[in-house]
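Inspection log for the structure reproduced underneath, given as C-alpha coordinates.
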Number of protein chains: 2
Amino acid sequence: MSENEKLTEEIIFEAATVVFEEDGLSGARMQNIADRAGINKALLHYYFRTKDHLFEAVFTKLAQKMFMKFTPIFEKNLSLEDKIRFFFREHITFMQQNPKLPGFIINEINHNPQRIKKLLRNVDFRKLWTTIIEQHSEELYKYNITEETLPQIMTTIVSLSVFPFAAKGIIEVAFDNFGIDFDKYTEERKTFAAEFVIKAITK
Amino acid sequence: MSENEKLTEEIIFEAATVVFEEDGLSGARMQNIADRAGINKALLHYYFRTKDHLFEAVFTKLAQKMFMKFTPIFEKNLSLEDKIRFFFREHITFMQQNPKLPGFIINEINHNPQRIKKLLRNVDFRKLWTTIIEQHSEELYKYNITEETLPQIMTTIVSLSVFPFAAKGIIEVAFDNFGIDFDKYTEERKTFAAEFVIKAITK
DNA sequence: TTTTGGTTTAACCAATTGATTTAACTAATA
DNA sequence: TATTAGTTAAATCAATTGGTTAAACCAAAA
(Lines give C-alpha, C1' and ligand atoms only; values in the text may rest on other atoms or scores of the structure.)
Protein backbone atom coordinates (compact mmCIF):
# COMPACT_ATOMS: atom_id res chain seq x y z
CA MET A 1 0.00 0.00 0.00
CA SER A 2 1.63 3.20 -1.17
CA GLU A 3 -0.29 5.26 1.40
CA ASN A 4 1.09 3.19 4.21
CA GLU A 5 4.55 3.08 2.70
CA LYS A 6 4.70 6.84 2.52
CA LEU A 7 3.70 6.90 6.13
CA THR A 8 6.28 4.38 7.32
CA GLU A 9 9.01 6.01 5.30
CA GLU A 10 8.14 9.36 6.81
CA ILE A 11 8.08 7.95 10.31
CA ILE A 12 11.54 6.50 9.76
CA PHE A 13 12.75 9.73 8.21
CA GLU A 14 11.53 11.83 11.09
CA ALA A 15 12.99 9.50 13.69
CA ALA A 16 16.29 9.48 11.83
CA THR A 17 16.22 13.27 11.68
CA VAL A 18 15.93 13.52 15.44
CA VAL A 19 18.63 10.95 16.13
CA PHE A 20 21.11 12.23 13.57
CA GLU A 21 20.61 15.81 14.70
CA GLU A 22 21.19 14.74 18.28
CA ASP A 23 24.09 12.30 17.88
CA GLY A 24 25.61 13.02 14.47
CA LEU A 25 26.42 10.46 11.81
CA SER A 26 29.07 8.57 13.75
CA GLY A 27 27.21 8.75 17.05
CA ALA A 28 23.79 7.70 15.75
CA ARG A 29 22.66 4.07 16.08
CA MET A 30 20.28 2.35 13.69
CA GLN A 31 18.65 0.55 16.62
CA ASN A 32 18.03 3.89 18.29
CA ILE A 33 16.34 5.20 15.15
CA ALA A 34 14.23 2.05 14.87
CA ASP A 35 13.17 2.31 18.51
CA ARG A 36 12.18 5.94 18.13
CA ALA A 37 10.21 5.08 15.00
CA GLY A 38 8.55 2.19 16.81
CA ILE A 39 9.52 -0.33 14.14
CA ASN A 40 11.87 -3.21 13.54
CA LYS A 41 15.45 -2.37 12.68
CA ALA A 42 15.31 -4.37 9.46
CA LEU A 43 12.69 -1.98 8.14
CA LEU A 44 15.24 0.81 8.11
CA HIS A 45 17.30 -1.19 5.63
CA TYR A 46 14.19 -2.18 3.70
CA TYR A 47 13.39 1.48 3.04
CA PHE A 48 16.86 3.07 2.98
CA ARG A 49 19.28 0.15 2.36
CA THR A 50 22.16 1.50 4.47
CA LYS A 51 22.89 3.90 7.29
CA ASP A 52 24.74 6.15 4.86
CA HIS A 53 21.76 6.27 2.50
CA LEU A 54 19.48 7.20 5.35
CA PHE A 55 21.89 9.83 6.60
CA GLU A 56 22.35 11.25 3.13
CA ALA A 57 18.59 11.64 2.74
CA VAL A 58 18.22 13.34 6.12
CA PHE A 59 21.27 15.55 5.71
CA THR A 60 20.31 16.77 2.23
CA LYS A 61 16.83 17.68 3.42
CA LEU A 62 18.11 19.52 6.47
CA ALA A 63 20.92 21.28 4.62
CA GLN A 64 18.47 22.55 2.03
CA LYS A 65 16.13 23.67 4.79
CA MET A 66 19.03 25.58 6.33
CA PHE A 67 20.48 27.24 3.25
CA MET A 68 17.08 28.03 1.73
CA LYS A 69 16.62 30.57 4.48
CA PHE A 70 19.34 32.79 3.09
CA THR A 71 17.91 33.42 -0.35
CA PRO A 72 14.49 35.09 -0.13
CA ILE A 73 15.73 38.34 1.39
CA PHE A 74 16.43 39.91 -1.96
CA GLU A 75 13.02 39.05 -3.32
CA LYS A 76 11.47 41.55 -0.94
CA ASN A 77 11.11 45.18 -1.90
CA LEU A 78 12.69 46.72 1.17
CA SER A 79 15.35 49.26 1.98
CA LEU A 80 18.76 47.81 2.70
CA GLU A 81 18.37 48.45 6.39
CA ASP A 82 14.98 46.78 6.48
CA LYS A 83 16.38 43.83 4.60
CA ILE A 84 18.98 43.42 7.32
CA ARG A 85 16.29 43.66 9.98
CA PHE A 86 14.12 41.25 8.03
CA PHE A 87 16.92 38.73 7.70
CA PHE A 88 17.82 38.59 11.39
CA ARG A 89 14.19 38.44 12.42
CA GLU A 90 13.31 35.61 10.05
CA HIS A 91 16.54 33.68 10.33
CA ILE A 92 16.77 33.71 14.09
CA THR A 93 13.09 32.79 14.33
CA PHE A 94 13.81 29.83 12.09
CA MET A 95 16.68 28.70 14.29
CA GLN A 96 14.65 29.17 17.42
CA GLN A 97 12.41 26.51 15.95
CA ASN A 98 15.38 24.34 14.89
CA PRO A 99 18.05 25.07 17.48
CA LYS A 100 20.13 21.95 16.85
CA LEU A 101 20.22 22.37 13.08
CA PRO A 102 23.17 24.78 12.73
CA GLY A 103 25.51 22.76 14.93
CA PHE A 104 24.57 19.57 13.16
CA ILE A 105 25.10 20.92 9.65
CA ILE A 106 28.34 22.68 10.51
CA ASN A 107 29.78 19.63 12.21
CA GLU A 108 28.91 17.16 9.49
CA ILE A 109 30.29 19.44 6.79
CA ASN A 110 33.50 19.92 8.75
CA HIS A 111 33.85 16.13 8.82
CA ASN A 112 33.02 15.80 5.11
CA PRO A 113 33.17 19.12 3.23
CA GLN A 114 32.39 17.87 -0.29
CA ARG A 115 28.98 16.89 1.05
CA ILE A 116 27.62 20.35 0.25
CA LYS A 117 29.58 21.30 -2.82
CA LYS A 118 26.43 20.92 -4.90
CA LEU A 119 24.23 22.87 -2.51
CA LEU A 120 26.64 25.78 -2.24
CA ARG A 121 26.94 26.32 -5.97
CA ASN A 122 24.17 28.86 -5.46
CA VAL A 123 26.35 31.05 -3.28
CA ASP A 124 27.53 33.67 -5.71
CA PHE A 125 29.12 36.81 -4.35
CA ARG A 126 29.41 38.42 -7.77
CA LYS A 127 25.73 37.94 -8.46
CA LEU A 128 24.93 39.12 -4.96
CA TRP A 129 26.92 42.29 -5.53
CA THR A 130 25.15 43.11 -8.79
CA THR A 131 21.82 42.42 -7.10
CA ILE A 132 22.68 44.82 -4.30
CA ILE A 133 23.69 47.50 -6.81
CA GLU A 134 20.52 46.97 -8.81
CA GLN A 135 18.20 47.16 -5.85
CA HIS A 136 19.95 49.81 -3.76
CA SER A 137 21.93 52.01 -6.13
CA GLU A 138 20.43 55.22 -4.74
CA GLU A 139 21.05 54.53 -1.04
CA LEU A 140 24.34 52.70 -1.37
CA TYR A 141 26.36 55.89 -0.95
CA LYS A 142 25.33 55.92 2.67
CA TYR A 143 27.09 52.67 3.51
CA ASN A 144 30.58 51.25 3.61
CA ILE A 145 29.94 48.33 1.30
CA THR A 146 32.23 47.37 -1.55
CA GLU A 147 32.58 44.28 -3.65
CA GLU A 148 35.88 43.54 -1.92
CA THR A 149 34.43 43.64 1.58
CA LEU A 150 31.28 41.74 0.67
CA PRO A 151 32.61 38.34 1.85
CA GLN A 152 33.60 39.88 5.17
CA ILE A 153 30.23 41.57 5.56
CA MET A 154 28.23 38.49 4.59
CA THR A 155 30.12 36.15 6.89
CA THR A 156 29.78 38.74 9.61
CA ILE A 157 26.02 38.82 9.25
CA VAL A 158 25.79 35.04 9.22
CA SER A 159 28.12 34.80 12.20
CA LEU A 160 25.95 37.06 14.32
CA SER A 161 22.86 35.06 13.47
CA VAL A 162 24.10 31.48 13.47
CA PHE A 163 26.88 31.35 16.04
CA PRO A 164 24.70 31.59 19.17
CA PHE A 165 22.82 28.50 18.03
CA ALA A 166 25.85 26.63 16.73
CA ALA A 167 27.53 27.15 20.10
CA LYS A 168 24.32 26.83 22.09
CA GLY A 169 25.85 24.34 24.52
CA ILE A 170 28.60 26.74 25.56
CA ILE A 171 26.48 29.88 25.63
CA GLU A 172 23.71 28.33 27.69
CA VAL A 173 26.18 27.17 30.32
CA ALA A 174 27.92 30.56 30.34
CA PHE A 175 24.58 32.36 30.71
CA ASP A 176 23.30 29.96 33.32
CA ASN A 177 25.39 31.50 36.10
CA PHE A 178 23.67 34.86 35.67
CA GLY A 179 20.11 33.86 35.13
CA ILE A 180 20.25 34.94 31.51
CA ASP A 181 17.64 33.00 29.56
CA PHE A 182 18.83 31.73 26.21
CA ASP A 183 15.43 32.16 24.56
CA LYS A 184 15.14 35.73 25.79
CA TYR A 185 18.67 36.36 24.55
CA THR A 186 17.94 35.07 21.04
CA GLU A 187 14.72 37.07 20.95
CA GLU A 188 16.59 40.27 21.78
CA ARG A 189 19.31 39.33 19.33
CA LYS A 190 16.93 39.76 16.38
CA THR A 191 16.99 43.52 16.79
CA PHE A 192 20.37 43.86 18.47
CA ALA A 193 22.25 42.16 15.64
CA ALA A 194 20.35 44.08 12.98
CA GLU A 195 21.00 47.49 14.52
CA PHE A 196 24.58 46.50 15.27
CA VAL A 197 25.25 45.71 11.62
CA ILE A 198 23.44 48.78 10.33
CA LYS A 199 25.42 51.01 12.69
CA ALA A 200 28.68 49.37 11.63
CA ILE A 201 28.20 49.69 7.88
CA THR A 202 26.75 53.23 7.91
CA LYS A 203 29.29 55.85 6.85
CA MET B 1 61.70 4.56 33.48
CA SER B 2 59.81 7.74 34.17
CA GLU B 3 61.56 9.63 31.37
CA ASN B 4 60.42 7.10 28.83
CA GLU B 5 56.96 6.90 30.36
CA LYS B 6 56.51 10.63 30.05
CA LEU B 7 57.52 10.34 26.46
CA THR B 8 55.16 7.50 25.59
CA GLU B 9 52.28 9.14 27.41
CA GLU B 10 52.90 12.34 25.49
CA ILE B 11 53.12 10.51 22.19
CA ILE B 12 49.78 8.89 22.91
CA PHE B 13 48.29 12.17 24.05
CA GLU B 14 49.36 13.99 20.93
CA ALA B 15 48.13 11.24 18.63
CA ALA B 16 44.83 11.19 20.49
CA THR B 17 44.58 14.96 20.16
CA VAL B 18 44.88 14.77 16.39
CA VAL B 19 42.40 11.92 16.04
CA PHE B 20 39.79 13.30 18.43
CA GLU B 21 40.01 16.75 16.85
CA GLU B 22 39.54 15.19 13.44
CA ASP B 23 36.85 12.58 14.15
CA GLY B 24 35.26 13.62 17.45
CA LEU B 25 34.63 11.33 20.41
CA SER B 26 32.16 9.01 18.73
CA GLY B 27 34.03 8.91 15.43
CA ALA B 28 37.50 8.32 16.84
CA ARG B 29 38.93 4.76 16.99
CA MET B 30 41.42 3.55 19.55
CA GLN B 31 43.22 1.55 16.87
CA ASN B 32 43.59 4.70 14.81
CA ILE B 33 45.15 6.53 17.75
CA ALA B 34 47.50 3.61 18.42
CA ASP B 35 48.57 3.49 14.77
CA ARG B 36 49.26 7.20 14.69
CA ALA B 37 51.25 6.92 17.90
CA GLY B 38 53.14 3.95 16.48
CA ILE B 39 52.36 1.72 19.45
CA ASN B 40 50.23 -1.23 20.41
CA LYS B 41 46.61 -0.57 21.15
CA ALA B 42 46.90 -2.16 24.59
CA LEU B 43 49.28 0.61 25.61
CA LEU B 44 46.50 3.15 25.29
CA HIS B 45 44.59 1.33 27.99
CA TYR B 46 47.74 0.85 30.05
CA TYR B 47 48.25 4.63 30.22
CA PHE B 48 44.67 5.92 30.09
CA ARG B 49 42.52 2.91 31.09
CA THR B 50 39.54 3.73 28.83
CA LYS B 51 38.66 5.70 25.72
CA ASP B 52 36.61 8.06 27.85
CA HIS B 53 39.54 8.73 30.17
CA LEU B 54 41.78 9.48 27.22
CA PHE B 55 39.17 11.73 25.66
CA GLU B 56 38.56 13.54 28.93
CA ALA B 57 42.28 14.28 29.23
CA VAL B 58 42.53 15.56 25.67
CA PHE B 59 39.31 17.54 25.80
CA THR B 60 40.13 19.26 29.10
CA LYS B 61 43.54 20.31 27.81
CA LEU B 62 42.13 21.64 24.54
CA ALA B 63 39.17 23.37 26.17
CA GLN B 64 41.48 25.16 28.58
CA LYS B 65 43.73 26.14 25.69
CA MET B 66 40.69 27.58 23.93
CA PHE B 67 39.08 29.48 26.79
CA MET B 68 42.39 30.72 28.20
CA LYS B 69 42.66 32.94 25.14
CA PHE B 70 39.73 35.06 26.29
CA THR B 71 41.07 36.25 29.61
CA PRO B 72 44.35 38.16 29.15
CA ILE B 73 42.84 41.09 27.27
CA PHE B 74 41.96 43.00 30.40
CA GLU B 75 45.44 42.60 31.85
CA LYS B 76 46.77 44.92 29.16
CA ASN B 77 46.81 48.66 29.68
CA LEU B 78 45.13 49.66 26.45
CA SER B 79 42.27 51.84 25.35
CA LEU B 80 38.98 50.04 24.83
CA GLU B 81 39.35 50.25 21.06
CA ASP B 82 42.88 48.89 21.17
CA LYS B 83 41.73 46.08 23.41
CA ILE B 84 39.20 45.12 20.77
CA ARG B 85 41.87 45.26 18.08
CA PHE B 86 44.23 43.30 20.29
CA PHE B 87 41.65 40.61 20.93
CA PHE B 88 40.79 39.95 17.31
CA ARG B 89 44.43 40.00 16.28
CA GLU B 90 45.55 37.55 18.97
CA HIS B 91 42.50 35.34 18.95
CA ILE B 92 42.29 34.88 15.21
CA THR B 93 46.03 34.26 15.06
CA PHE B 94 45.57 31.53 17.65
CA MET B 95 42.80 29.90 15.65
CA GLN B 96 44.80 30.16 12.44
CA GLN B 97 47.26 27.87 14.23
CA ASN B 98 44.48 25.63 15.57
CA PRO B 99 41.76 25.77 12.91
CA LYS B 100 39.97 22.60 13.96
CA LEU B 101 39.82 23.48 17.63
CA PRO B 102 36.67 25.66 17.69
CA GLY B 103 34.53 23.19 15.77
CA PHE B 104 35.72 20.33 17.91
CA ILE B 105 35.08 22.06 21.24
CA ILE B 106 31.69 23.41 20.18
CA ASN B 107 30.52 20.06 18.86
CA GLU B 108 31.59 18.03 21.88
CA ILE B 109 30.00 20.51 24.27
CA ASN B 110 26.77 20.47 22.30
CA HIS B 111 26.75 16.70 22.69
CA ASN B 112 27.56 16.89 26.40
CA PRO B 113 27.11 20.39 27.87
CA GLN B 114 27.99 19.62 31.49
CA ARG B 115 31.48 18.77 30.29
CA ILE B 116 32.54 22.42 30.65
CA LYS B 117 30.48 23.56 33.60
CA LYS B 118 33.65 23.71 35.69
CA LEU B 119 35.70 25.55 33.07
CA LEU B 120 33.03 28.19 32.47
CA ARG B 121 32.66 29.13 36.09
CA ASN B 122 35.19 31.83 35.26
CA VAL B 123 32.83 33.51 32.83
CA ASP B 124 31.42 36.31 34.95
CA PHE B 125 29.56 39.12 33.21
CA ARG B 126 29.11 41.09 36.42
CA LYS B 127 32.82 41.02 37.14
CA LEU B 128 33.55 41.84 33.52
CA TRP B 129 31.30 44.85 33.70
CA THR B 130 32.97 46.24 36.84
CA THR B 131 36.36 45.63 35.22
CA ILE B 132 35.30 47.61 32.17
CA ILE B 133 34.04 50.46 34.33
CA GLU B 134 37.25 50.45 36.37
CA GLN B 135 39.57 50.49 33.40
CA HIS B 136 37.60 52.69 31.00
CA SER B 137 35.42 54.98 33.11
CA GLU B 138 36.63 58.12 31.32
CA GLU B 139 36.12 56.94 27.75
CA LEU B 140 33.00 54.87 28.29
CA TYR B 141 30.71 57.80 27.53
CA LYS B 142 31.74 57.50 23.91
CA TYR B 143 30.28 54.01 23.49
CA ASN B 144 26.93 52.30 23.57
CA ILE B 145 27.80 49.75 26.21
CA THR B 146 25.59 48.94 29.15
CA GLU B 147 25.52 46.10 31.63
CA GLU B 148 22.29 44.91 30.02
CA THR B 149 23.73 44.69 26.51
CA LEU B 150 27.04 43.20 27.64
CA PRO B 151 26.02 39.58 26.89
CA GLN B 152 24.92 40.63 23.40
CA ILE B 153 28.14 42.54 22.79
CA MET B 154 30.39 39.79 24.12
CA THR B 155 28.72 37.02 22.14
CA THR B 156 28.85 39.29 19.11
CA ILE B 157 32.60 39.72 19.44
CA VAL B 158 33.14 36.01 19.95
CA SER B 159 30.86 35.22 17.03
CA LEU B 160 32.84 37.37 14.62
CA SER B 161 36.08 35.77 15.71
CA VAL B 162 35.16 32.12 16.15
CA PHE B 163 32.43 31.42 13.62
CA PRO B 164 34.59 31.48 10.47
CA PHE B 165 36.73 28.73 11.98
CA ALA B 166 33.87 26.77 13.51
CA ALA B 167 32.16 26.73 10.11
CA LYS B 168 35.40 26.45 8.16
CA GLY B 169 34.10 23.57 6.06
CA ILE B 170 31.16 25.59 4.75
CA ILE B 171 32.99 28.86 4.28
CA GLU B 172 35.89 27.30 2.41
CA VAL B 173 33.54 25.63 -0.05
CA ALA B 174 31.52 28.82 -0.48
CA PHE B 175 34.69 30.85 -1.07
CA ASP B 176 36.19 28.26 -3.38
CA ASN B 177 33.98 29.28 -6.30
CA PHE B 178 35.41 32.80 -6.32
CA GLY B 179 39.06 32.18 -5.67
CA ILE B 180 38.80 33.68 -2.22
CA ASP B 181 41.54 32.22 -0.06
CA PHE B 182 40.46 31.27 3.43
CA ASP B 183 43.79 32.18 5.01
CA LYS B 184 43.77 35.59 3.37
CA TYR B 185 40.19 36.06 4.52
CA THR B 186 41.03 35.29 8.16
CA GLU B 187 44.05 37.55 7.99
CA GLU B 188 41.91 40.45 6.78
CA ARG B 189 39.29 39.59 9.35
CA LYS B 190 41.59 40.57 12.21
CA THR B 191 41.22 44.24 11.34
CA PHE B 192 37.82 44.08 9.65
CA ALA B 193 36.08 42.59 12.67
CA ALA B 194 37.79 44.97 15.08
CA GLU B 195 36.86 48.11 13.13
CA PHE B 196 33.37 46.71 12.54
CA VAL B 197 32.75 46.32 16.24
CA ILE B 198 34.29 49.67 17.15
CA LYS B 199 32.13 51.41 14.57
CA ALA B 200 29.03 49.65 15.81
CA ILE B 201 29.47 50.45 19.50
CA THR B 202 30.59 54.05 19.04
CA LYS B 203 27.84 56.55 19.79
C1' DT C 1 -11.37 -18.75 -0.69
C1' DT C 2 -6.96 -18.76 -2.66
C1' DT C 3 -3.33 -16.37 -4.53
C1' DT C 4 -0.19 -12.76 -4.79
C1' DG C 5 2.48 -8.79 -3.89
C1' DG C 6 4.37 -5.93 -0.83
C1' DT C 7 5.28 -5.10 4.24
C1' DT C 8 7.04 -6.28 8.81
C1' DT C 9 9.42 -8.98 12.11
C1' DA C 10 12.45 -12.35 14.61
C1' DA C 11 16.57 -14.43 14.34
C1' DC C 12 20.96 -14.38 12.86
C1' DC C 13 25.61 -12.99 10.85
C1' DA C 14 30.06 -10.95 10.19
C1' DA C 15 32.83 -7.23 11.17
C1' DT C 16 34.20 -3.79 14.26
C1' DT C 17 35.58 -2.09 18.56
C1' DG C 18 36.79 -1.13 23.35
C1' DA C 19 38.88 -3.68 26.65
C1' DT C 20 41.50 -7.62 29.00
C1' DT C 21 44.80 -11.16 29.60
C1' DT C 22 49.07 -13.25 29.36
C1' DA C 23 53.50 -13.36 28.19
C1' DA C 24 57.69 -11.26 26.38
C1' DC C 25 60.89 -7.62 27.03
C1' DT C 26 63.93 -4.17 29.42
C1' DA C 27 66.57 -1.92 32.55
C1' DA C 28 67.68 -0.90 37.18
C1' DT C 29 68.86 -3.28 41.68
C1' DA C 30 70.57 -6.54 44.88
C1' DT D 1 74.07 -12.96 37.66
C1' DA D 2 69.48 -13.31 39.34
C1' DT D 3 65.65 -10.69 40.68
C1' DT D 4 62.26 -7.41 40.27
C1' DA D 5 59.28 -3.82 38.81
C1' DG D 6 57.68 -1.54 35.16
C1' DT D 7 56.77 -1.40 30.00
C1' DT D 8 55.17 -3.23 25.53
C1' DA D 9 52.93 -6.35 22.47
C1' DA D 10 50.22 -10.53 20.70
C1' DA D 11 46.27 -12.86 21.25
C1' DT D 12 41.86 -12.95 22.65
C1' DC D 13 37.22 -11.58 24.52
C1' DA D 14 32.66 -9.88 24.89
C1' DA D 15 29.65 -6.51 23.44
C1' DT D 16 28.08 -3.60 19.92
C1' DT D 17 26.63 -2.62 15.40
C1' DG D 18 25.34 -2.39 10.55
C1' DG D 19 23.39 -5.48 7.70
C1' DT D 20 21.00 -9.96 5.91
C1' DT D 21 17.77 -13.81 5.67
C1' DA D 22 13.80 -16.32 5.93
C1' DA D 23 9.47 -16.56 7.47
C1' DA D 24 5.17 -14.45 9.07
C1' DC D 25 1.70 -11.11 8.11
C1' DC D 26 -1.82 -8.60 5.57
C1' DA D 27 -4.67 -6.57 2.30
C1' DA D 28 -6.14 -6.51 -2.46
C1' DA D 29 -7.08 -9.26 -6.63
C1' DA D 30 -8.61 -13.33 -8.97
Side-chain angles (χ1 to χ4, degrees), chain A residues 1-62 104 107-109 111-112 114-115, chain B residues 1-62 104 107-109 111-112 114-115:
Chain A
M1 191 183 279
S2 185
E3 297 296 313
N4 197 352
E5 175 168 347
K6 209 69 187 172
L7 204 65
T8 307
E9 195 169 327
E10 272 174 24
I11 290 171
I12 293 173
F13 191 91
E14 284 162 21
T17 299
V18 174
V19 174
F20 279 131
E21 243 185 351
E22 178 70 34
D23 301 331
L25 171 56
S26 63
R29 297 287 167 257
M30 294 295 269
Q31 187 61 57
N32 191 3
I33 296 172
D35 291 345
R36 192 173 288 263
I39 54 145
N40 188 285
K41 182 171 65 106
L43 256 197
L44 300 183
H45 295 94
Y46 179 78
Y47 282 99
F48 292 92
R49 293 184 56 88
T50 66
K51 186 189 183 184
D52 281 319
H53 274 76
L54 179 53
F55 177 81
E56 188 66 27
V58 169
F59 177 82
T60 302
K61 175 80 171 296
L62 292 185
F104 168 72
N107 184 247
E108 296 302 334
I109 293 175
H111 285 353
N112 193 350
Q114 77 266 37
R115 196 161 260 148
Chain B
M1 192 183 276
S2 186
E3 297 294 313
N4 196 351
E5 174 168 347
K6 208 67 186 175
L7 205 65
T8 306
E9 195 170 326
E10 272 174 23
I11 289 171
I12 294 174
F13 191 90
E14 283 161 22
T17 299
V18 174
V19 174
F20 279 132
E21 243 184 351
E22 179 69 36
D23 302 330
L25 171 57
S26 64
R29 297 289 168 258
M30 294 296 268
Q31 187 62 56
N32 191 3
I33 296 172
D35 291 346
R36 191 173 288 263
I39 53 150
N40 189 284
K41 184 169 64 112
L43 259 196
L44 300 183
H45 294 94
Y46 179 77
Y47 281 100
F48 291 92
R49 292 186 57 91
T50 67
K51 186 188 183 184
D52 280 320
H53 274 76
L54 178 54
F55 177 81
E56 188 66 27
V58 169
F59 176 83
T60 302
K61 176 82 170 296
L62 291 185
F104 168 73
N107 184 247
E108 296 302 333
I109 293 174
H111 285 354
N112 192 351
Q114 77 266 36
R115 196 161 260 149

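Letters A, B, ... mirror the listed sequences (proteins, then strands); counts begin at 1.
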Sequence neighbours left out, what pairs pass side-chain hydrogen bond (donor to acceptor under 3.5 Å, both in side chains) with at least one residue falling in residues 50-59 of chain A?
Thr50(A)-His53(A)
Using whole Å, what does the distance between atom C1' of nucleotide dA11(C) and atom CG of Leu43(A) come to?
15 Å
How many angstroms lie between CZ in Phe59(A) and OG1 in Thr17(A), if you round to the nearest 0.5 Å?
12.5 Å
Which residues within residues 23-36 of chain B lie with some heavy atom under 4.0 Å of an atom in DNA chain D?
none
Partner residues of Glu14(B) under the salt bridge (charged side-chain N to carboxylate O under 4.0 Å, His left out) criterion, sequence neighbours left out:
none
Between Glu9(B) (CD) and dG6(D) (P), how many Å, whole number?
15 Å
What nucleic acid atoms does Ile39(A) come within less than 4.0 Å of, heavy atoms only: base, sugar-phosphate, or nothing?
sugar-phosphate
Provide, to the nearest angstrom, the distance between the CD1 atom belonging to Ile12(B) and the C1' atom belonging to dT8(D).
10 Å
So, does Thr8(B) get its side chain near the phosphate of dT7(D), meaning an N or O under 4.0 Å from OP1 or OP2?
no
Sub-4.5 Å side-chain heavy-atom contact between Gln114(B) and Asn112(B)
yes
Euclidean distance, atom CZ of residue Phe48(B) to atom P of dA19(C) [Å, nearest integer]:
13 Å
To the nearest 0.5 Å, tell me how far Leu62(B) CG sits from Phe55(B) CZ.
9.0 Å
What residues, two or more places apart in sequence or in another chain, satisfy side chain to side chain contact (heavy atoms under 4.5 Å, CB included) together with Gln31(B)?
Ala34(B), Asp35(B), Lys41(B)
Using whole Å, what does the distance between atom C1' of nucleotide dT20(D) and atom OH of Tyr47(A) come to?
18 Å
For the student: nearest non-hydrogen atoms of Glu108(B) and Leu25(B), plus distance
OE2-N, 3.0 Å
Distance (rounded to the nearest 0.5 Å) between Leu43(B) CG and Ile33(B) CD1:
13.0 Å
Rounded to whole Å, NZ of Lys51(A) lies from P of dT16(C) at a distance of 14 Å
Applying side-chain hydrogen bond (donor to acceptor under 3.5 Å, both in side chains), can you list everything that pairs with Asn40(A), at least two apart in sequence or on another chain?
none
Rounding to an integer number of Å, can you tell me how far Tyr46(A) OH sits from dG5(C) P?
13 Å
Using a cut-off of under 3.5 Å, enumerate the N/O to N/O pairs linking the protein to nucleotides 10-12 of chain D.
residue: dA10(D); atom: OP2; partner: Asn40(B); partner atom: ND2; Å: 3.4
residue: dA10(D); atom: N7; partner: Asn40(B); partner atom: ND2; Å: 3.4

When the distance from CZ of Arg49(A) to P of dG19(D) is rounded to whole Å, what number comes out?
10 Å
